[in-house]
Amino acid sequence: MSGGEGRLASLIGDLRAFGAAARKEWRLLRRYPSLFIGFLFWPIALPTAYVLQAQGYAGSSVAATNAFASRAGTGEIAGFLFLGWATYMWISMILWGPGTALRTEQVRGSLEAIFITPASRLVVIFGPAVSQVIWALWMFAVVGMAMGVFFGVDLGLAAVLRALTVIILAVPALYGLGALFAAIVLRFGEVHALVQTVRGLFTVFCGMTFPIIILPEWARAVALALPPTYLIGDLRHVLLTGASLTDLVPDLAILLTIGIALCLLAVVAFRSTERYARRGGSLAQY
Amino acid sequence: MNASGSGPAIETNGLVKEFERGRRTIWERVRREPDQRERFRAVDGVDLSVARGEIFGLLGPNGAGKTTTMRMLATLLEPTSGTATVLGRDVVREAREVRRRMGAVLSDGRSVYWKLTARENLEYFAALYHVPAGTARQRIQAALEAVTLADRADDYVERFSTGMRQRLVLARALLPDPELLLLDEPTVGLDPQSARDLRDRVVGLREQGRTVLLTTHYMEEADQLCDRIAIIDHGRIAALDTPAALKRTIAAAEVVRLELPAPAPSNGGVAPVLERLGRVGTIAHSERQDGALLVTMHCRSARDFVPAAFDAARDAGTVIRHVEVVPVTLEDVFLSLTGRGLRE
């Protein structure tokens, strides 16, 4: 087999392995169906609590609603909060995803068995995380339904398709971050503290439950360096204010650029930490 | 089977693996303080050449360096120095090619997914091994049949016994149809029947023309399975030959194990007893255990030696409480080479 044919066969093998990793994870998830019930409850309960809190503060005050609209760009408070929380929960899943998958394999004792196969390390990092797309779709569907049924927010098919485009363009950035956490797992064998910290930062700076315009100038600068800010902001724009994708080209270009940079960084970091683990013998340690 | 060229299946030259003992705090790293951790060699200059088609054993006690050697060959650990080639490929520079060509059992049944069926486990790993889609189903079935799990293929692994799970791990290693298999302590934790069953399967692998490198600290297992054995201790190869040739290095036909009451220090301790016993045979090993003195002796004929040993004990003012005559084993070879037992 020539070098080119060998590389092609290897690529095809990796793509199949990628699918198999996602399928394996999905099969494992299916064995615990009660998890789906949890995911039916939280995407509704959490944002609802914030919507009720907002109503508690503002009541039926038109002035308060207008003040919110002037800062957020929409008066649709329920939609604003639901989208913020849904995105936050999805981001959390992705941040935990690759690192947790790797950690689970390490604790289970299967990581070495995987690492002695010829499959690309990208399969190991991202394959299991792909199954979480199903969770994400499930969660966004639940949120969309809850917004419509409980708060009368009508999203419309065209807006949903635009939102899907935004989500797809955000995938490299979020999965890049997730892969960086996976690299940290290989190096330190633990990622919880860091993920919690980053999630906290995202909650404060990225405007999950508030418009970032209310942040001080320095904090807004931080917010604009974080990919979730663009994701949440653009989702709200396309779903709640009727913005077109053309309106969002600068934002989406930044999101995609950050995403590519993060993915490259993650690959370099993962290779480096894998080498470290091979030298120190920490692949199977936990 | 995927055969790949000629030459030895495994070759190592001056293979060394060093680890650090102790820990280095983050504060020490941040301050760039010199690394003062003690370095020790888990593998210390191992030279091996494993021929294709043989079952080669690494025999040694826990911590001897067997598993570290195995992990370097499996590309899970990078050698500190020296070289290792597997089926003609360098384990560092051509790691992915090495992984493509070998199967390995480096862990116990914990490393399979208990919430998946045996077949689902193998489907996943077949894809990771890049088994072509057209042959995967057939390869999985063949692997399941090779370890006699075909009738339980669609059961969840959580319902398997320890032995069945270990057989499934072996089936997983067979998925790439490898020319070489690395088996690290494959029978540890198995009941005698399951261990015997797995050993039979290892012999079957050689009959299929595969090379097997296995580590074990069970001398009977090494003796029964291996064409050649490297006895490894403190990271170094102490001896390497066929089991029969290794046993011939003991200048004795039989081994006699004696148990005597441990003499009190006020009576001169063990020295006078050992001195007298040493006049009638070769003392290979002695130790105090639970108030007894256990002495292992080599002799040409137990028939002649045992009465002389009783006389020697009586002359030393003690008695022999128990006598056991056994043929020379690899344990005795290890004992004579290192002065320690395999299980110490």
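By convention in this document, chain letters (A, B, ...) are assigned in the order of the sequence lines, proteins followed by strands, and residues within each chain are numbered from 1.
No hydrogens or angles considered: a donor-acceptor pair under 3.5 Å links the side chains of B/Tyr156 and A/Arg31.
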Please step through side chain to side chain donor-acceptor pair (under 3.5 Å) for the pair A/Glu25 and B/Tyr124, ending with a clear verdict.
-> CA-CA 10 Å; A/Glu25 210 62 28; B/Tyr124 173 48; over 6 Å; no

Yes or no on side-chain contact (heavy atoms from CB on, under 4.5 Å) for B/Phe19 and A/Arg279, after CA distance, side-chain angles and deciding distance?
-> CA-CA 9 Å; B/Phe19 291 110; A/Arg279 284 183 173 161; over 6 Å; no

Mind running side-chain contact (heavy atoms from CB on, under 4.5 Å) on A/Arg23 and B/Glu120 for me, showing each step along the way?
-> CA-CA 10 Å; A/Arg23 197 162 51 248; B/Glu120 287 169 346; over 6 Å; no

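Closest heavy-atom contact between A/Arg16 and B/Val131: NH1-O, 2.7 Å. In terms of heavy-atom proximity, A/Ser110 sits nearest to B/Ser111 at CB-O, 3.3 Å.
The pair A/Arg27-B/Glu123 counts as a salt bridge, with a side-chain nitrogen and a carboxylate oxygen less than 4.0 angstrom apart. Ion pairing of B/Glu78 with A/Arg278 is absent here, as no side-chain N (NZ or NE/NH1/NH2) approaches a carboxylate O to less than 4.0 Å.
Ranked by heavy-atom pairs under 4.5 Å with chain A, the first of B/Arg172, B/Glu18, B/Arg99, B/Met72 is B/Arg99. Comparing B/Leu175, B/Leu128, B/Leu77 by how many heavy-atom pairs each has under 4.5 Å with chain A, the most go to B/Leu128.
Within the cation-pi definition used here (under 6.0 Å to the ring centroid, within 45° of the axis), A/Lys24 does not qualify as a partner of B/Phe125.
With a 4.5 angstrom heavy-atom cutoff, B/Ala95 does not touch chain A via any of its atoms. If you measure heavy-atom distances from A/Phe18 to chain B, you find no contacts under 4.5 Å at all. Only the backbone of B/Pro132 comes within contact range of chain A, with heavy atoms under 4.5 Å apart.
In this structure, the side chains of A/Ile116 and B/Tyr129 come closer than 4.5 Å at one or more pairs of heavy atoms. Contact annotation: the side chain of A/Ile12 never approaches that of B/His130 to less than 4.5 Å [non-hydrogen atoms, C-beta and beyond]. Residues B/Arg96 and A/Ser10 form a side-chain contact, since some pair of their non-hydrogen atoms from C-beta on lies under 4.5 Å apart.
More than 12 heavy atoms of other residues, nucleotides or ligands shown are found within 6.0 angstrom of CZ on B/Arg39. By the neighbour-count criterion of 12 heavy atoms within 6.0 Å, atom CZ of B/Arg236 is sparsely surrounded, having that number or fewer from other residues, nucleotides or ligands. In A/Arg30, the CZ atom is crowded: over 12 heavy atoms of neighbouring residues, nucleotides or ligands sit closer than 6.0 Å.
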